[in-house]
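A short worksheet on the structure shown next.
Order of the sequence lines fixes the chain letters, A, B, ..., with proteins taken first and strands second; residue numbering starts at 1 for each chain. Model, not experiment: these values are computed from the prediction.
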There are 2 protein chains.
Amino acid sequence: MQKKQTATIYDVASRVGVSLATVSRVVNGNSNVRESTKRKVLDAIEELGYHPNAVARGLASKKTTTIGVVMPDVTDMYYSELARGIDDVANMYHYDVLLTNTDEDPVRETMAINNLASKQVDGIIFMGNELDREVLKTISSVDAPVVLAGSIDAEKVLPSVNIDYIAATKEAVEMVVKNGHERVALVTGPMEYAINKQHRLVGYQAGLEAAGQEFDEDLLFASHQDYSAGYQIADKIFATNATAAIVHDDEVALGIMNFMRDQGKSVPEDFEIITSNDTKFAIVTRPALTSIGQPKYDIGAVAMRMLTKLMNNEVVDNMQVTLPHTFEKRGTTIN
Amino acid sequence: MQKKQTATIYDVASRVGVSLATVSRVVNGNSNVRESTKRKVLDAIEELGYHPNAVARGLASKKTTTIGVVMPDVTDMYYSELARGIDDVANMYHYDVLLTNTDEDPVRETMAINNLASKQVDGIIFMGNELDREVLKTISSVDAPVVLAGSIDAEKVLPSVNIDYIAATKEAVEMVVKNGHERVALVTGPMEYAINKQHRLVGYQAGLEAAGQEFDEDLLFASHQDYSAGYQIADKIFATNATAAIVHDDEVALGIMNFMRDQGKSVPEDFEIITSNDTKFAIVTRPALTSIGQPKYDIGAVAMRMLTKLMNNEVVDNMQVTLPHTFEKRGTTIN
DNA sequence: TTGAAAGCGCTAACAT
DNA sequence: ATGTTAGCGCTTTCAA
């Protein structure tokens with residue numbers, strides 16, 4: 001029914017009376033074509049409504065101009081803002097993006113990577129809080145370059161783009177400590193994850209130490225990355241007599257804040273909160289969330305730019321890029 | 001350097017001593033293979049680490065098991081939740097998703113569709129507030145099936161999945177009118193868009209009429225779809241002496257709400273708001289936003305399911321699916 | 001500047 | 001149950 005019987009390069013060639021090669025050359029902007037024939041070919045392409053078949057091209061050239069993006073969840077603001085940066089730069093370099101949601105399940109992450117490889121993507125950008133051993137193995141088995149965006153591998157061997165989580169967390173701690181808090185909670189994801197154990201926790205402890213405060217393990221909380229998880233964990237936090245919290249995720253921070261307020265506490269007077277992702281969520285609420293400022297769009301964009309270089313076998317001087325973070329003082333902290 | 005020299009189907013065949021066809025059969029689960037040879041082939045595949053090349057397969061079979069998704073912006077909660085529904089169902093049916101952001105620019109939408117076509121996608125899901133004539137033409141020129149998700153074409157000719165925007169808007173109006181409001185604003189996007197002119201506005205007027213209220217054009221507002229646009233338009237709304245607003249987008253609604261509160265008005269006492277998308281934004285703020293409840297995930301999921309049928313040339317009884325909406329009474333309305 | 005020809009890795013009749 | 005043989009639509013040497 002819908003057989004549009006698309007014209008092939010062969011149709012164009014025979015119509016003009018040249019060879020496939022010539023048509024291919026003009027389509028691909030090769031300079032070695034006489035201007036007059038080029039015109040004729042272009043006309044024929046126009047008349048026939050010829051559109052190159054990217055699949056055939058991909059098979060012949062072994063380049064698909066497609067990259068894969070593996071991410072936890074498109075509906076997670078943090079990651080979707082990274083994805084936007086990736087996508088914009090990808091388009092700029094004429095790559096298409098094959099998107100996969102994994103919900104941070106290592107099994108699905110592995111499958112996604114393998115699947116992308118079989119689709120012959122030219123490169124992959126991986127996002128996720130933790131790099132499972134199996135996933136790491138899969139990544140190294142793939143022959144397309146892989147760049148991590150907003151994600152860390154414990155061994156720091158993969159190309160990646162991040163902020164300095166240690167410094168950022170330390171500063172956050174110092175800020176609330178300066179406001180007089182002596183019991184500051186740290187809310188992150190699972191402590192087995194490198195980003196939590198080797199970065200956020202380290203920064204947290206460094207901040208405490210700089211302030212001369214003792215580290216208390218009871219003030220460590222692991223939470224899922226959504227609003228209700230934050231809401232649910234909030235009473236446990238309050239039960240420790242903590243009066244401030246550094247939180248890894250904006251939705252979690254909002255859950256905590258709303259629980260506190262539903263309990264009649266006020267934020268920031270009774271409880272200060274600093275969140276870490278600075279998504280739209282942090283701006284839209286009242287009080288707005290004080291947050292570590294992450295250049296999310298740029299993290300994605302820089303990661304993608306780096307991937308283009310890797311795909312072209314260009315030299316990349318710095319494989320582990322650290323982008324500057326900021327501090328967005330808003331309503332959930334005093335001063 | 002990274003030449004993993006991937007094994008081809010030919011390598012597998014010669015290793016086992018069978019033909020390409022046989023290997024192809026076991027890879028594709030064709031039953032016409034003796035169990036013993038099947039085993040041998042599987043072993044060889046394992047040993048050689050053979051992974052089928054999806055590009056070659058796509059060229060030969062004329063199916064890429066890839067669909068295209070054209071959407072305004074991944075960082076827009078409304079669309080990203082639709083996208084999640086699409087992606088989950090796509091994976092269920094073993095399709096991969098090629099994602100493109102268009103920012104609702106018809107030029108980019110057209111380019112995206114053409115590009116997806118050249119990548120030989122098996123189908124496309126399109127999302128956007130308005131279907132430009134040019135885009136519509138492009139869609140019909142593509143020989144892959146296209147389904148609209150959460151999007152309406154004025155002529156109602158394309159397959160689509162939506163809620164009943166007229167009824168939903170009417171109900172929203174009736175609700176605030178019942179609360180005693182006599183000046184209810186309608187905040188949507190551009191009035192030239194079919195979804196606004198033929199649906200939301202019609203529902204709004206119907207609600208007014210049912211309540212015996214006059215329609216006042218001054219109460220119509222067109223806004224961009226983001227928080228600051230809402231914040232900026234809010235004073236104009238208040239200047240009309242409106243005491244309630246039906247808003248098309250949660251971020252816009254939040255902008256309006258925060259402006260009102262920053263001006264010392266309280267919501268909902270001084271001003272009631274009903275939003276339309278029921279995203280996470282509506283739940284996370286205080287007060288939480290009363291909203292028309294849209295089955296966003298399902299809209300995406302059903303659209304994708306429909307697309308699978310279309311791609312298989314199955315009969316689809318209902319090409320314009322209307323999913324039921326609900327009403328989520330929260331904190332920005334009284335009663 | 002242009003053409004000829006050999007694939008790219010796989011599927012899909014058609015035979016056997 | 002298995003093999004043979006054409007392609008799929010394009011790129012890419014290598015010649016001319």
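- Across the protein-nucleic acid pair, A/Asn30 atom CG and D/dC10 atom P stand 17 Å apart, rounded to whole Å.
- Between B/Lys40 atom NZ and D/dA1 atom C1' the separation is 12 Å, expressed in whole Å.
- Regarding contacts with the backbone of D/dG3, a side-chain N or O of B/Ser19 is found under 4.0 angstrom from either OP1 or OP2.
- With rounding to whole Å, B/Asn53 atom CG is found 14 Å from C/dG7 atom C1'.
- Salt bridge annotation for B/Lys309-B/Asp317: absent, with no cationic side-chain nitrogen under 4.0 angstrom from a carboxylate oxygen.
- Following rounding to the nearest Å, B/Leu59 (CG) and D/dC8 (P) show an atom-to-atom distance of 9 Å.
- Residue B/Thr37 places none of its side-chain N or O atoms closer than 4.0 Å to OP1 or OP2 of D/dA1.
- Between B/Val33 and A/Val27, the residue anchored nearer the 5' end of DNA chain D, judged by the nucleotide with its closest heavy atom, is B/Val33.
- In this model, the phosphate group of D/dT11 is approached by a side-chain N or O of A/Asn28 to a distance below 4.0 Å at OP1 or OP2.
- Protein atom CG of B/Asp11 is 13 Å distant from nucleotide atom C1' of C/dC10, rounded to whole Å.
- B/Glu134 has a carboxylate O that lies under 4.0 Å from a charged side-chain N of B/Lys137, or vice versa, which qualifies the two as a salt bridge.
- Between B/Arg34 and D/dA1 there is no side-chain N or O to OP1 or OP2 distance below 4.0 Å.
- The separation between A/Leu20 atom CG and D/dT13 atom C1' is 15 Å, rounded to whole Å.
- Remark: the backbone N or O of B/Val74 is paired with a side-chain donor or acceptor of B/Asn101 at under 3.5 angstrom.
- Comparing B/Gly17 and A/Ala54 by the nucleotide of DNA chain D whose heavy atom lies nearest to each, the residue mapping closer to the 5' end is B/Gly17.
- In this model, the phosphate group of C/dG9 is approached by a side-chain N or O of A/Lys62 to a distance below 4.0 Å at OP1 or OP2.
- Remark: A/Ser61 is not in phosphate contact with D/dC10, judged by side-chain N or O atoms under 4.0 Å from OP1 or OP2.
- The nearest whole Å value for the distance from the CD atom in A/Gln120 to the P atom in D/dT11 is 17 Å.
- Listed candidates were D/dT13, D/dG9, C/dC10. Nearest to the side chain of A/Arg25 is D/dT13.
- At a threshold of 4.0 angstrom between heavy atoms, the contacts of A/Val18 are confined to the sugar-phosphate backbone, with no base atom among them.
- Note on B/Arg57: every side-chain N or O is 4.0 Å or more away from OP1 and OP2 of C/dG9.
- Comparing C/dC10, C/dG3, D/dG3 against the side chain of A/Thr22 picks out C/dG3 as the nearest.
- Ionic pairing of B/Asp88 and B/Arg84 is present here: one or more N-O contacts between side-chain nitrogen and carboxylate oxygen are shorter than 4.0 angstrom.
- Across all strands, A/Ser24 comes closer than 4.0 Å to base atoms (heavy-atom distances).
- Neither OP1 nor OP2 of C/dG3 sits under 4.0 Å from any side-chain N or O of A/Tyr10.
- At a cut-off of 3.5 Å, with distance as the only test, a side-chain donor of A/Lys119 or B/Thr66 sits close to an acceptor on the other residue.
- Here the P atom of nucleotide C/dA12 and the NZ atom of B/Lys63 are 9 Å apart, to the nearest Å.
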With side-chain hydrogen bond (donor to acceptor under 3.5 Å, both in side chains) as the test, would you mind laying out the steps for B/Gln225 and B/Asp73 before giving the verdict? CA-CA 11 Å; B/Gln225 209 157 323; B/Asp73 183 7; over 6 Å; no
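- Heavy atoms of A/Asn32 sit under 4.0 angstrom from at least one base atom.
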